[in-house]
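Taking it in order: structure first as structure tokens, then the write-up.
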Amino acid sequence: MDDQPRLMHSSHGVGMAGHPGLAQHMLDGTGGADGEGRKQDIGDILQQIMTITDESLDEAQARKHALNCHRMKPALFNVLCEIKEKTVLSIRGAQEEEPPDAQLMRLDNMLLAEGVSGPEKGGGSAAAAAAAAAAGGGGSDNSAEHSDYRAKLSQIRQIYHTELEKYEQACNEFTTHVMNLLREQSRTRPISPKEIERMVGIIHRKFSSIQMQLKQSTCEAVMILRSRFLDARRKRRNFNKQATEILNEYFYSHLSNPYPSEEAKEELAKKCSITVSQVSNWFGNKRIRYKKNIGKFQEEANMYAAKTAANATSVSTHGSQANSPSTPNSAGEYFFLG
DNA sequence: GTGCATGATTCTTT
DNA sequence: AAAGAATCATGCAC
């Protein structure tokens, strides 16, 4: 055991000299058996290994074969393997720590949530349905947009999977190729299984970083699609007639103070099948537009006043006129006069 | 295509 | 935080 360092040391000392004639002599197995001769022997083998890449392919092939058959080869090979093992282990210890990538996990989670990387159909339509629900809308005519969204999502999904498969295939092919190469080389130079393992790890890391780029751009594409789908301003739909009617009825019957409470907004939202914030938007727009041009809305105001009055009389023959805007009892309180 | 209507957003004011 | 005001972007009738 303690002669291993000596072997390596001698390789440095003698290896650089280069004695083709002597080397041939050694490889023939006719060299001396004394200690000094053995050192020379090993040194020449190492020298030949180190210079093998300088030779032509045929020469190198022949040299390789000769070296493989050399009587000292197994011993030298074992020693080199041990040394290699030690250095590889020390390298491993130094650079092995790899925290689970938070970014990658986020991307994976998102792709799963959006139904891009999950099971075939279910996730995608679920996400689309959620997006559709979030979009607010009347709910009747968004099925066309919905299917459009779904089609585009599945397009993204398909591209993603094709690319992913391509990467995986390339990764496997490359890994196999490298492993075959290393296995082949391990016959002439010391390559420990751990080193192969490490190499495979490096390859996988490289490919997974490429995969991450794919995941990132897929996420971006989904986000853009989603934001387009969800951007209500782009896909603005007028409220249906009934909803507008309900909102106008409330507005004109509360003309002196058209500021519905939170509860009233919720009630209106429910009646109109829209969201509370849409109700708030509507009243905000209505107030400002009414105030800006009361004349323009006069006809509408009268119409709804009549309607409200009619409703009131039909409900109660007593003819309550509590909410009649056409007969204000205290005009000074009207919001648009303030 | 044009112009007005309308729902949503953004910024400012209260 | 809610309302007002200005503005944007689309819908729709013509």
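Since the structure is predicted, the reported quantities are computational estimates derived from the model, not experimental observations. So you know, we letter chains A, B, ... as the sequences are listed, proteins then strands, and number each from 1.
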With a 4.5 Å limit on heavy-atom distance, are the side chains of Arg183(A) and Met179(A) in contact?
yes

Over 60° means perpendicular and under 30° means parallel, so classify the ring planes of Phe297(A) and Tyr290(A), tilted if in between.
tilted

Ignoring backbone atoms, test whether Gln278(A) places a side-chain nitrogen or oxygen under 4.0 Å from the OP1 or OP2 oxygen of dG7(B).
no

To the nearest angstrom, the CD1-C1' distance between Ile274(A) and dA8(B) comes to 12 Å

Testing the basics here: between Thr175(A) and Ile203(A), what is the closest heavy-atom pair and its distance to 0.1 Å?
OG1-CG2, 3.7 Å

In this structure, how many angstroms lie between the C1' atom of dT6(B) and the NZ atom of Lys286(A), rounded?
10 Å

Write down the atom of Ser280(A), the atom of Lys265(A), and the distance for their closest heavy-atom approach.
OG-NZ, 3.2 Å

Check the distance between dT6(B)'s C1' and Phe251(A)'s CZ and give it to me in whole angstrom.
14 Å

Rounded to whole Å, please give me the gap between CG in Asn281(A) and C1' in dA5(C).
14 Å

Please report, rounded to the nearest Å, how far the P atom of dT6(B) is from the CG atom of Asn240(A).
14 Å

Under-3.5 Å N/O pairs linking protein and nucleotides 2-4 of chain C:
unit_1	atom_1	unit_2	atom_2	d
dG4(C)	OP1	Tyr259(A)	OH	2.4
dG4(C)	OP2	Arg287(A)	NE	2.5
dG4(C)	OP2	Arg287(A)	NH2	3.3

Donor-acceptor contact below 3.5 Å, side chain Ser261(A) vs main chain Ala264(A):
yes

Take atom CG of Asn293(A) and atom P of dT6(B), then tell me their distance rounded to the nearest Å.
12 Å

Take atom CZ of Phe239(A) and atom C1' of dA5(B), then tell me their distance rounded to the nearest Å.
13 Å

When the distance from CG of Asn285(A) to C1' of dT10(C) is rounded to whole Å, what number comes out?
14 Å

Rounded to the nearest 0.5 Å, how far does OG1 of Thr218(A) lie from CE of Met212(A)?
12.5 Å

Any idea how Phe336(A) and Tyr334(A) line up, ring-wise: parallel (<30°), tilted (30 to 60°), or perpendicular (>60°)?
perpendicular

For the base of dA5(B), is there a side-chain donor-acceptor partner from Asn238(A) under 3.5 Å away?
no

By nearest atom, which of the nucleotides dA8(B), dA5(B), dG11(C) is closest to the Arg237(A) side chain?
dG11(C)

